Amino acid sequence: MSRILVTGSTDGLGRATAETLLSAGHRVVLHARNPERATALRPLLDRGADAVTGDFTDRDAVRRIAAELNDADPLDAVVHNAGVWRGPAVMPVNVVAPYLLTALLPTPRRLVYLSSGSHFGGHPTTEGVDWRGRSAGSYADSKLFVTTLAAAVARLRPGVPSNAVDPGWVPTRMGGPGAPDDLELGHRTQEWLAAGDEPGALTTGGYWYHGELRPPHPAVHDEAFQDRLLAALAEETGTAL
């Protein structure tokens, strides 16, 4: 039995991931953006899940969540699921929040970051990126950055499996009802990487799609780009990985 944090778990893929892990007997920590959204978690809380609340566009809230989690039982895994499709929150939620949580939570033994096929359209540069969300951010860029973060963590923390998962374009609130991919397959891989016992689930540095390794954007495994990204985020947040 593992203790696993799933960010952005009030609905969609995060909710499905949390429900499956809870049903499998794991201790799940849910996350909601605010108390109003947290009311949707009541059925899972009644089944024994814990929860943290905080808006990922607010760095102080992310730091508070990290401190709260560090004061509780150690986490065995984190599924960095929270994400937004468009608007000013793209970079704060999709990149800065998972970076800060990774830097501030030293103990998880497995890390899973939600990527997207859109990352192939991202630009491998940190020049001019609005990390604070004063203007609308590029979703493709954000997913290239978080996929690169997963690979960088795999390199820098060799004892901690760190992987990125493309869940596909699935019919969630963000993906829309007409999304063509399989919702069930959309959350199975991250559950397996967070808690599975098979050798494949214990590998690191991968980009996964529906249980299969795929080659990511070439920049993802470019160590120089990884270092530039980490340096930019460390400077921006004042927190080094």
Side-chain angles (χ1 to χ4, degrees), residues 2-58 61-62 64-66 68-69 75 77-98 100-101 111-119 133 136-137 139 142-143 146 164-195 208-210:
S2 297
R3 188 166 188 261
I4 302 169
L5 168 67
V6 182
T7 68
S9 42
T10 55
D11 59 16
L13 289 170
R15 176 65 172 252
T17 300
E19 287 180 340
T20 302
L21 290 170
L22 193 61
S23 295
H26 298 290
R27 299 170 62 198
V28 177
V29 182
L30 310 165
H31 161 253
R33 185 170 65 245
N34 53 48
E36 292 73 27
R37 296 276 290 168
T39 60
L41 299 175
R42 177 50 56 190
L44 301 184
L45 296 173
D46 289 343
R47 292 169 55 191
D50 296 320
V52 291
T53 304
D55 189 337
F56 275 5
T57 64
D58 181 350
V62 178
R64 176 182 53 74
I65 288 171
E68 184 177 337
L69 291 167
L75 291 165
V78 177
V79 179
H80 293 281
N81 168 85
V84 295
W85 167 248
R86 59 188 173 186
V90 165
M91 288 300 169
V93 174
N94 294 6
V95 185
V96 176
L100 273 175
L101 285 177
L111 298 167
V112 183
Y113 299 82
L114 265 287
S115 179
S116 165
S118 297
H119 93 278
Y139 181 77
S142 77
K143 289 303 178 180
V146 81
V165 177
D166 172 9
W169 182 13
V170 293
T172 60
R173 185 168 59 92
M174 188 166 75
D181 221 325
D182 188 315
L183 180 60
E184 182 72 14
L185 291 176
H187 59 92
R188 290 298 185 185
T189 302
Q190 45 269 44
E191 296 157 7
W192 177 67
L193 289 170
W208 295 83
Y209 173 76
H210 292 357

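The structure displayed is predicted, hence computed values, not measured ones. Note: hydrogens, waters and symmetry copies are ignored here, and every other heavy atom, side chains too, is used.
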Asker: Where do T10 and A40 come nearest, in terms of heavy atoms and distance?
Answerer: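 Between these two residues, the closest heavy atoms are O-CB, 4.3 Å.
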Asker: Nearest 0.5 angstrom please: L41 CG to D11 CG, how far?
Answerer: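 Separation between the atoms: 9.5 Å.
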Asker: Verify, without hydrogens or angle tests, whether S9 (side chain) and H31 (backbone) share a donor-acceptor contact under 3.5 angstrom.
Answerer: yes
Asker: Would you say the side chain of H187 lies within less than 4.5 Å of the side chain of T20, judging by non-hydrogen atoms?
Answerer: yes
Asker: Between atom CZ of R27 and atom CG of L21, what is the distance when rounded to the nearest 0.5 Å?
Answerer: 13.5 Å
Asker: Would you list the atom pairs, donor with acceptor, under 3.5 Å between side chains in residues 112-119 and any protein atom, with sequence neighbours excluded?
Answerer:
from, atom 1, to, atom 2, distance (Å)
Y113, OH, T102, OG1, 2.8
S115, OG, T147, OG1, 2.6
S116, OG, S118, N, 2.9
S116, OG, S118, OG, 3.3
H119, ND1, S116, O, 2.9
H119, NE2, H217, N, 3.0

Asker: Could you state the interatomic distance from NE2 (H80) to OG1 (T7), rounded to the nearest 0.5 Å?
Answerer: 7.0 Å
Asker: What donor-acceptor contacts under 3.5 angstrom involve side-chain atoms of residues 45-56, with partners at least two apart or in another chain?
Answerer:
from, atom 1, to, atom 2, distance (Å)
D46, OD1, R42, NH1, 3.4
R47, NH2, S23, OG, 2.8
D55, OD1, T57, N, 2.9
D55, OD1, T57, OG1, 2.8
D55, OD2, T57, OG1, 3.3

Asker: Using every non-hydrogen atom in the two residues, find where Y139 and V84 come nearest and quote the distance to one decimal.
Answerer: CD1-O, 3.3 Å
Asker: Hey, does the side chain of N81 reach the backbone of G8 with a donor-acceptor pair shorter than 3.5 angstrom?
Answerer: yes
Asker: Which pair of heavy atoms, one from V95 and one from S142, lies closest together, and at what distance?
Answerer: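 Looking at all heavy atoms of both residues, the shortest contact is CG2-O, 3.5 Å.
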Asker: Over all heavy atoms of both residues, which pair between A194 and A77 is shortest? Give the atoms and the distance, please.
Answerer: O-CB, 3.6 Å
Asker: I need the minimum non-hydrogen distance between A195 and I4, along with the two atoms involved.
Answerer: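 Shortest heavy-atom contact: CB-CD1, 4.0 Å.
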Asker: Within the structure provided, determine whether V6 and R15 are in side-chain contact (heavy-atom separation under 4.5 Å).
Answerer: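 With C-beta onward as the side chain, the pair stays apart.
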Asker: Grab the two heavy atoms, one from S2 and one from H26, that are nearest each other, plus how far apart they are.
Answerer: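 Shortest heavy-atom contact: N-ND1, 3.0 Å.
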Asker: side-chain contact (heavy atoms from CB on, under 4.5 Å), that's the test. Do L44 and V28 meet it? Break it down for me.
Answerer: CA-CA 9 Å; L44 301 184; V28 177; over 6 Å; no
